[in-house]
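Read the structure below first, then the notes.
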Amino acid sequence: MLEQEFPGASGAISPIRGGRQAAEQQIRKIDGKRYARSRDHLNGAVTGLSPYIRHGVLTLAEVRDAVFQSINNRDDGSKLINELGWRDFWQRMWQELGDHIDDDQEVFKTGHSASSYSRELPDDIRDGCTGLACMDGFREELVSTGWLHNHARMWMAAWLVHWRHVHWKAGADWFLEHLLDGDPASNHLSWQWIASTFSHKPYFFNRDNLERYSGGNFCKSCSSANHCPFDASYEQLETKLFAQRVPIRDVPARRQGHRSKSTARPNPSTQRF
Amino acid sequence: MDLKQPIVWVHEESLGSTNPALEDYPEAPALFVFDQDWIDSKHISRKRLGFLYECCLDLPVTIRKGNVVAEVLAFANRYGADGVISSGAVEPRLQRHGAAINRDCPLWILDGEPFVELPRAPRLGRFSRYWREAEPVVWESYKASG
């Protein structure tokens, strides 16, 4: 039916089902405590509720109440409630910004001018043939399922903007073509947070970080493993990627645990797409 | 004055059974329109369309595609409706559609239950500012439910 009605639309249907029944199956699995412990890992206990919340199949209020029911004390649910807060915050920002959500909210803090970033998404990224197993893997998941773990979204966005020097808007628009939860509020402002036009500093990562939270699965089979662009310390990457020093040591960590011993950079996975 | 014979316009931000327009007007004919301009201009993939379609199948709605405003007005006309009921939308595109519908046919917007109800508009700009104000209020309902 959809093929006939929308011949111009690309790709196949997602294995993630829409509708109330699918949403209820998913919401029954909520576990605030496990979420807090494991959410930064690609195989962590994330909720997968974002497509249903985005389209109002579930309201944030319903999910909030489901979290409350799944916990025995406030500590167990604080992380997940915090993430629902992010969603509410993005929506309020969108209400305030309107169409200006498409604009850079602030200047880049990378030392590069906004005009120096490419406005086109490179073909190798769109086609998933960059030679980087992680990024091609994320692209495959994005295009085939319409969903990506938040950490994968962050890594991919950081790579596009800071390594490939693509303007965040080109990447953000591409994500919206595919993401079932695609929402300019969460999506565009998170891309801007990565890019540093909606934060005090750019977000970037290194191989150590990606390997840890992806279980090392990509690096094992990566043809670029011996010349990985992410295989460096944060200090080295900072010098390579940015035209001005980005203070990485003066920002207090917003969360504890899972921190790399090799860097003082706080674990940055606090942002939600 | 209440609307006597309204239709319901369901949009992409409220494809659930808790849609306040569907809840309050269960007898009114309801419509969802795939926004062809949006789909074409944003290159929306079939995955997203399929997901929206499956969400619609769970709801008592007629499904159309094309120009949203024209389709909603034609649907209202077909049922001799004296107004359109819908739910609040954040997306500017949907707000523009609502404003255009309202020029030809009265549009009533109903709001669902909010995530958090704050006594005054919170300070935005950065999440931390907003959350300082919102977090204690969100958790009040945990205490209430516990």
Side-chain angles (χ1 to χ4, degrees), chain A residues 1-3 5-6 8-14 16-23 51-52 54-62 64-65 68-69 71 74 77 81-82 84-89 91-96 98-99 101 143-146 173 176-180 182-185 254, chain B residues 10-20 34 36 39-40 42-59 63 65 87-93 95-96 112-116 118 121-122 124-131 134-135 138-139 141-146:
Chain A
M1 194 292 284
L2 286 168
E3 233 164 283
E5 294 293 334
F6 301 102
S10 66
I13 299 292
S14 169
I16 300 168
R17 297 265 73 91
R20 181 77 191 184
Q21 202 185 340
Y52 306 103
R54 191 272 180 258
H55 290 298
V57 182
L58 298 169
T59 64
L60 266 189
E62 280 181 280
R64 175 201 64 204
D65 293 344
F68 287 162
Q69 281 167 18
I71 57 176
R74 180 170 163 165
I81 290 293
N82 187 278
L84 300 181
W86 272 106
R87 160 82 191 171
D88 189 53
F89 171 70
Q91 293 296 299
R92 289 171 188 266
M93 285 292 300
W94 199 12
Q95 188 86 49
E96 191 169 284
D99 290 328
I101 203 158
V143 170
S144 62
T145 72
D173 285 346
L176 284 193
E177 292 177 20
H178 296 287
L179 287 173
L180 302 185
D183 179 330
R254 283 192 279 176
Chain B
V10 175
H11 56 65
E12 295 93 325
E13 290 183 21
S14 206
L15 293 174
S17 52
T18 53
N19 179 323
F34 279 99
Q36 193 71 58
I39 292 165
D40 293 343
K42 301 293 182 188
H43 310 288
I44 300 302
S45 65
R46 200 168 285 138
K47 289 182 296 296
R48 294 200 64 184
L49 301 176
F51 187 83
L52 294 174
Y53 180 68
E54 287 170 353
C55 292
C56 286
L57 290 182
D58 276 0
L59 301 174
I63 303 172
K65 66 164 184 172
S87 54
V90 176
E91 181 159 5
R93 169 179 63 93
Q95 291 181 12
R96 281 191 284 272
E113 186 189 352
F115 172 65
V116 56
L118 298 170
L124 299 174
R126 289 284 188 262
F127 176 75
S128 53
R129 289 179 209 156
Y130 153 76
W131 197 233
E135 186 178 23
V138 174
W139 282 99
S141 56
Y142 178 59
K143 287 180 221 150
S145 67

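A, B, ... follow the sequence lines: proteins, then strands. Residue 1 opens every chain. Worth knowing before you read on, the calculation uses all heavy atoms, side chains too, and leaves out hydrogens, waters and symmetry mates. Every value quoted in this text rests on a predicted model; they were computed, and no experiment measured them.
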What residue, out of A:Ala22, A:Pro184, A:Gly19, has the most heavy-atom pairs lying under 4.5 Å from chain B?
A:Gly19
Is B:Ile44 close to chain A through its backbone or its side chain, or both, or neither, when contacts mean heavy atoms under 4.5 Å?
both
Shortest non-hydrogen contact between A:Trp94 and B:Val90, atoms and distance
CE3-CG1, 3.6 Å
Look at B:Pro92, B:Gly50, B:Gly112 and state which one has the largest set of heavy-atom pairs under 4.5 Å with chain A.
B:Pro92
Given B:Arg46, B:His11, B:Glu12, B:Lys42, the one with more heavy-atom pairs under 4.5 angstrom with chain A than any other is B:Arg46
Closest heavy-atom pair, B:Asp58 versus A:Arg20, reported as atoms and distance to 0.1 Å, is OD2-N, 2.6 Å
Heavy-atom pair of closest approach, residues B:Pro114 and A:Ala61
O-CB, 3.7 Å
Less than 4.5 Å to any heavy atom of chain A: does that hold for the side chain of B:Arg93, its backbone, both, or neither?
neither
Below 4.5 Å from any heavy atom of chain B, which atoms of A:Glu3 appear? Answer side chain, backbone, both or neither.
both
Just wondering, do B:Pro122 and A:Arg92 contact through their side chains at under 4.5 Å, heavy atoms?
yes
Who among A:Ile71, A:Asp173, A:Asp65, A:Thr145 has the most heavy-atom pairs with chain B under 4.5 Å?
A:Ile71
Do you know which of B:Gly125, B:Ala89, B:Ala134 has the most heavy-atom pairs under 4.5 Å to chain A?
B:Gly125
Does atom CZ of B:Phe34 have more than 12 heavy-atom neighbours, drawn from other residues, nucleotides or ligands, at distances under 6.0 Å?
yes
Relative to chain B, which segment of A:Leu58 carries a heavy atom at a distance below 4.5 Å: side chain, backbone, both, or neither?
neither
Counting N and O atoms only, with roles assigned by atom type, does the side chain of B:Lys47 sit under 3.5 Å from a partner on the main chain of A:Gly11, one being a donor and the other an acceptor?
no
Do A:Glu62 and B:Thr18 come close enough that some side-chain heavy atom pair is under 4.5 Å?
yes
Which atoms of A:Leu84 come close to chain B, meaning under 4.5 Å heavy atom to heavy atom: side chain ones, backbone ones, both, or neither?
both
Answer yes or no: is there a side-chain heavy-atom contact under 4.5 Å between B:Trp131 and A:Phe89?
no
Taking atom OG of B:Ser45 and atom CG of A:Leu180, what is their separation to the nearest 0.5 Å?
7.5 Å
Highest number of heavy-atom pairs under 4.5 Å with chain A: which of B:Leu124, B:Leu57, B:Leu49?
B:Leu124
Whatever's closer than 4.5 Å to a heavy atom in chain A on B:Arg96 counts as side chain
Starting at CZ of B:Phe115, measure out to OG1 of A:Thr59 and round the result to the nearest 0.5 Å.
10.5 Å
Can you tell which part of B:Leu52 gets under 4.5 Å to a heavy atom of chain A, answering side chain, backbone, both or neither?
side chain
Hey, are B:Lys65 and A:Glu5 close enough for a salt bridge, meaning a charged N less than 4.0 Å from a carboxylate O?
yes
Part of A:Glu96 lying under 4.5 Å from any heavy atom of chain B:
side chain
State whether the side chain of B:Arg48 and the backbone N or O of A:Leu176 hold a donor-acceptor pair below 3.5 Å, judged by distance alone.
yes
Of the listed A:Gly85, A:Gly98, A:Gly146, the one with the largest count of heavy-atom pairs under 4.5 Å with chain B is A:Gly85
Check ion pair A:Arg64-B:Glu113 (N to O, under 4.0 angstrom)
yes
State plainly whether the residues A:Arg74 and B:Glu135 are in salt-bridge range, i.e. N to O under 4.0 Å.
yes
Nearest heavy-atom contact between A:Phe68 and B:Val138 is CZ-O, 3.6 Å
Please identify each residue that fulfils side chain to side chain contact (heavy atoms under 4.5 Å, CB included) with B:Asp40, with sequence neighbours left out.
B:Gln36
side-chain hydrogen bond (donor to acceptor under 3.5 Å, both in side chains) against A:Gln95, all qualifying residues, sequence neighbours excluded:
none
If you define the side chain from C-beta out and look only at heavy atoms, does anything of A:Tyr52 sit under 4.5 Å from B:Phe51?
yes
Value for CD1 (A:Ile16) from CD (B:Glu54), rounded to nearest 0.5 Å, stands at 10.5 Å
